[in-house]
Asks: 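Take this structure first; my questions come after.
Just the heavy atoms: all of them, side chains too, but no hydrogens, waters or symmetry mates, feed the values below. Chain letters run A, B, ... following the sequence lines, proteins first and then strands; every chain starts at 1.
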Number of protein chains: 2
Amino acid sequence: MASDRGRKSTIYDIATSTGTSPATVSMVLNGTWQRYRISEATAARVLGAARDIGYTTNMKARGLRLARSGLAGMIMPHYRNRFFAGLSETFEAGARARGFCPMVVSTQRQPETEREVVERLLSHQVEFLFIVGVARPEPLNDLCHAAGIPCVNIDLPGANAPSVVSDNRGGARMLTDVLLDKIAAADRGTGGTAGEEIHFLGGVAGEYATEERVAGFREALAARGLPLRDDRIHPCGYSPPVARRAAEDLCRRLGGMPAGLFVNSITAFEGAVQFFQSLDRAAFHGRFIGCFDWDPFAAFLPFPVTMLRQNVEAMIEQGFAYIEQYRPDEFPMTRIPPRFGPVAGDVRNA
Amino acid sequence: MASDRGRKSTIYDIATSTGTSPATVSMVLNGTWQRYRISEATAARVLGAARDIGYTTNMKARGLRLARSGLAGMIMPHYRNRFFAGLSETFEAGARARGFCPMVVSTQRQPETEREVVERLLSHQVEFLFIVGVARPEPLNDLCHAAGIPCVNIDLPGANAPSVVSDNRGGARMLTDVLLDKIAAADRGTGGTAGEEIHFLGGVAGEYATEERVAGFREALAARGLPLRDDRIHPCGYSPPVARRAAEDLCRRLGGMPAGLFVNSITAFEGAVQFFQSLDRAAFHGRFIGCFDWDPFAAFLPFPVTMLRQNVEAMIEQGFAYIEQYRPDEFPMTRIPPRFGPVAGDVRNA
DNA sequence: CTGAAAGCGCTTACAG
DNA sequence: CTGAAAGCGCTTACAG
């Protein structure tokens with residue numbers, strides 16, 4: 001029954017066809033008609049016509065009039081891992097539950113794209129913006145402020161907006177402790193000092209998340225009185241190919257796998273695993289690998305990997321909380337503890 | 001320098017502050033000023049003021065006036081695998097390259113959500129819509145037609161809009177052929193009839209993609225004169241837990257892995273792999289697994305897997321082509337051939 | 001109980 | 001070379 005002739009129908013069409021006025025139609029459609037004492041009969045007539053004609057309200061016009069777009073914006077690097085995919089999906093569900101239409105766009109970590117996309121989203125009048133995984137979010141925060149739009153930084157913090165991040169330091173500490181425990185258990189009785197042989201691979205020196213994780217890693221060692229030489233830290237970046245090479249170099253230098261390997265991020269892990277494929281399975285005997293991130297397939301690799309799963313739901317909830325209580329002059333930060341994901345080889349956890 | 005006092009600034013603010021009119025400001029900002037013979041001096045003044053004030057044009061107002069929103073819509077099930085993630089990212093890049101702001105939202109395969117989201121996107125006046133992975137897209141296509149908005153179905157076809165899908169039949173044929181070749185090579189000289197021991201796992205009976213893939217699977221067997229009993233086809237759905245159980249039942253029944261296993265979709269594969277973890281590595285000797293989908297980590301499992309990678313870029317390009325040459329009365333379908341992904345254990349391909 | 005009117009921020013012929 | 005005016009589709013006091 002849709003009038004697919006010509007253009008989309010408007011409240012004027014409905015007013016004409018029902019012998020009422022645009023104002024009446026508007027009130028009926030908005031459900032405010034009883035407040036305006038519109039007769040039940042008129043309301044029913046209008047509603048029926050709207051249904052028959054397949055009317056949908058033009059949000060552009062309503063938004064213009066009301067200065068409320070109904071749009072909720074988010075930018076993020078990409079969707080190619082479970083962490084980012086989960087953040088998007090959770091954000092979308094949260095936005096929808098709050099009556100907004102989610103608008104999430106990926107920017108591939110390109111600062112220029114990030115800026116352009118934010119400007120675009122602002123042009124489209126998003127009512128608030130989640131900024132995910134941006135290394136330097138401050139310029140974007142400023143753009144939002146200039147437009148009078150609340151925003152939050154997720155995953156990577158920034159000075160000019162509230163931020164919610166994983167507890168990177170605490171998580172790294174947890175993960176390192178697990179690796180050290182396993183090494184110690186394997187060492188038991190041999191009096192080994194395997195703690196010295198634990199290495200940290202991946203991430204970017206000077207970047208917030210990496211520095212925090214390195215700090216947690218150091219803490220765990222320090223707590224056991226284990227030494228840590230700087231040459232055990234290899235912040236080779238996040239790209240799989242360079243992580244692959246870094247892992248290879250490391251093993252060549254050591255003459256084999258280190259007793260423990262803390263891999264920072266799933267993408268670095270992907271690279272490292274490419275190299276591990278070339279190793280004999282025996283190379284992993286008594287060696288323990290940890291990854292600060294989780295992936296369902298990575299859980300099924302042929303050697304044991306302990307994985308940390310960031311708490312996506314809690315991060316997004318906190319983001320909405322910050323938006324809802326937004327104060328343009330206070331930029332707190334909250335750290336959400338990650339949890340252990342299923343452990344490879346341990347089917348019960350899968 | 002942004003005037004973050006009060007609300008967002010408009011062309012009226014700029015007109016006032018530069019002693020010009022809103023019309024002039026509009027022309028200058030749109031770059032059409034020379035066509036209207038506005039003086040260079042005025043143009044420069046306006047541009048400067050716009051920059052100082054941090055002006056961004058209100059797309060709601062412009063869209064309303066121009067009946068062009070600048071929004072490109074897409075709905076899809078979720079982002080939790082490389083295929084969907086790739087479709088989103090490629091779509092976003094394509095939309096941006098064409099001057100649109102992408103608006104992609106996930107619907108978790110819930111028909112109600114799909115409908116609501118499409119209505120919402122239409123309300124926001126998206127100029128066209130990509131409908132990805134929807135089992136029954138026709139009602140959504142009709143919604144778009146009623147609104148006069150072109151749409152295409154991606155991944156799963158529909159009768160009421162142009163569709164672009166992977167060449168499911170051809171791809172399944174390719175994949176099955178590889179598995180049969182490997183089995184034959186392993187069998188060489190033993191005179192075995194291992195072709196009979198190839199099974200198909202996952203997907204939904206009656207669903208387009210599954211039926212096509214089963215057809216390709218049958219074709220490959222038929223071409224070699226191999227028989228295929230119906231009890232070799234196990235369309236257990238896509239969910240990992242049920243696929244896990246199905247794989248387990250199958251192996252129990254056979255007393256071990258079949259010679260060949262064609263797994264339909266990465267999610268079914270995820271389930272099957274959960275079960276495989278409990279098997280001894282020897283169980284895979286001389287057994288060959290194929291998956292109609294690709295994942296970077298699945299490529300590094302401890303047994304050989306041949307994976308098909310759908311051509312996301314070509315699919316999205318074809319989608320845009322359909323939109324650009326849209327005819328509301330012709331609904332063709334194009335099939336894009338998938339390619340082989342890197343093969344597990346073969347580092348050279350990784 | 002319902003309609004006429006103004007205005008959200010923009011663009012584009014049309015005058016001058 | 002530039003401005004006044006109308007109109008995109010809506011909503012909301014304000015009359016009646």
Asks: Take the protein atom CG of B:Leu66 and the nucleotide atom P of D:dC8, then report the distance between them rounded to whole Å.
Replies: 13 Å
Asks: So which of residues 38-45 of chain A are in contact with DNA chain C, with a heavy-atom cut-off of under 4.0 Å?
Replies: A:Ile38, A:Ser39, A:Thr42
Asks: In Å, rounded to the nearest 0.5 Å, how long is the span from CG of B:Asp13 to CD1 of B:Ile53?
Replies: 5.0 Å
Asks: Restricting to non-hydrogen atoms, name the atom on B:Glu127 and the atom on B:Pro150 that form the minimum distance, rounded to 0.1 Å.
Replies: O-CD, 3.4 Å
Asks: Should we say atom CD of A:Glu112 is surrounded by more than 12 heavy atoms from elsewhere, each under 6.0 Å from it?
Replies: no
Asks: Have a look at A:Thr32 and say if it touches a base, only the backbone sugar-phosphate, or nothing, with a 4.0 Å heavy-atom cut-off.
Replies: nothing
Asks: Expressed as a whole number of angstroms, how long is the span from A:Met27:CE to D:dC10:C1'?
Replies: 12 Å
Asks: Could you tell me how far apart B:Leu64 (CG) and C:dG7 (C1') are, to the nearest whole angstrom?
Replies: 12 Å
Asks: How do B:Ala23 and B:Lys60 order along DNA chain C: which one's closest nucleotide is nearer the 5' end?
Replies: B:Lys60
Asks: Identify every side-chain donor-acceptor pair in residues 99-107 of chain B under 3.5 Å, counting partners at least two apart or on other chains, and give the distances.
Replies:
unit_1   : atom_1 : unit_2  : atom_2 : d
B:Ser106 : OG     : A:Glu92 : OE1    : 2.6
B:Thr107 : OG1    : B:Met76 : O      : 3.4

Asks: Any side-chain N or O of A:Thr10 under 4.0 Å from OP1/OP2 of D:dG9?
Replies: no
Asks: What distance do B:Leu121 atom CG and B:Cys151 atom SG have between them, rounded to the nearest 0.5 Å?
Replies: 12.0 Å
Asks: Give the rounded distance in Å between these two atoms: NE2 of A:His124 and P of C:dC10.
Replies: 13 Å
Asks: Does the base of C:dC10 carry an N or O that pairs as donor and acceptor with the side chain of B:Tyr12 under 3.5 Å?
Replies: yes
Asks: Begin from the C-alpha positions of B:Arg115 and B:Glu119 and carry the test salt bridge (Lys or Arg N to Asp or Glu O under 4.0 Å) through to its verdict.
Replies: CA-CA 6 Å; B:Arg115 187 183 175 82; B:Glu119 283 176 345; 3.6 Å; yes
Asks: Which part of the nucleic acid, if any, lies within contact of B:Met59, taking any heavy atom under 4.0 Å across all strands shown: a base, the sugar-phosphate backbone alone, or nothing?
Replies: nothing
Asks: Could you check how far CG of A:Asn30 sits from C1' of D:dG9, rounded to whole Å?
Replies: 13 Å
Asks: To the side chain of A:Arg65, which of C:dA13, D:dT11, C:dG3 is closest?
Replies: D:dT11
Asks: Nearest-Å distance, CG (B:Leu29) to P (C:dT11)?
Replies: 8 Å
Asks: How many whole angstroms separate atom CZ of B:Arg35 from atom P of C:dA13?
Replies: 8 Å
Asks: When you measure from the side chain of A:Ile11, which nucleotide among D:dC10, D:dA13, C:dG9 comes out closest?
Replies: D:dC10
Asks: Between A:Arg98 and A:Glu317 (salt bridge meaning N to carboxylate O under 4.0 Å), is one present in this structure?
Replies: yes
Asks: Strictly below 4.0 Å, N to O, side chains only: are A:Arg80 and B:Glu89 in salt-bridge contact?
Replies: yes
Asks: Output the single nucleotide from D:dT2, C:dT11, D:dT12 whose closest atom is nearest the side chain of B:Thr24.
Replies: D:dT2
Asks: Would you mind reading off the distance between A:Asn58 atom CG and C:dG9 atom P, rounded to a whole angstrom?
Replies: 16 Å
Asks: Does the side chain of A:Tyr36 get closer than 4.0 angstrom to OP1 or OP2 of D:dC14 through an N or O atom?
Replies: no
Asks: Could you spell out the base pairing of DNA chain C as a dot-bracket line? Use Watson-Crick and G-U wobble contacts where both distances are under 3.5 Å, [ ] for crossing pairs, | for partners on a different strand.
Replies: |||.||||||||.|||
Asks: Could you tell me how the ring of A:Phe130 sits relative to the ring of A:Phe320: parallel (under 30°), tilted (30 to 60°) or perpendicular (over 60°)?
Replies: tilted
Asks: Could you give me the CA-CA distance, side-chain angles and deciding distance for A:Ile38 and A:Thr24, then say whether side-chain contact (heavy atoms from CB on, under 4.5 Å) is met?
Replies: CA-CA 8 Å; A:Ile38 303 228; A:Thr24 301; 3.5 Å; yes
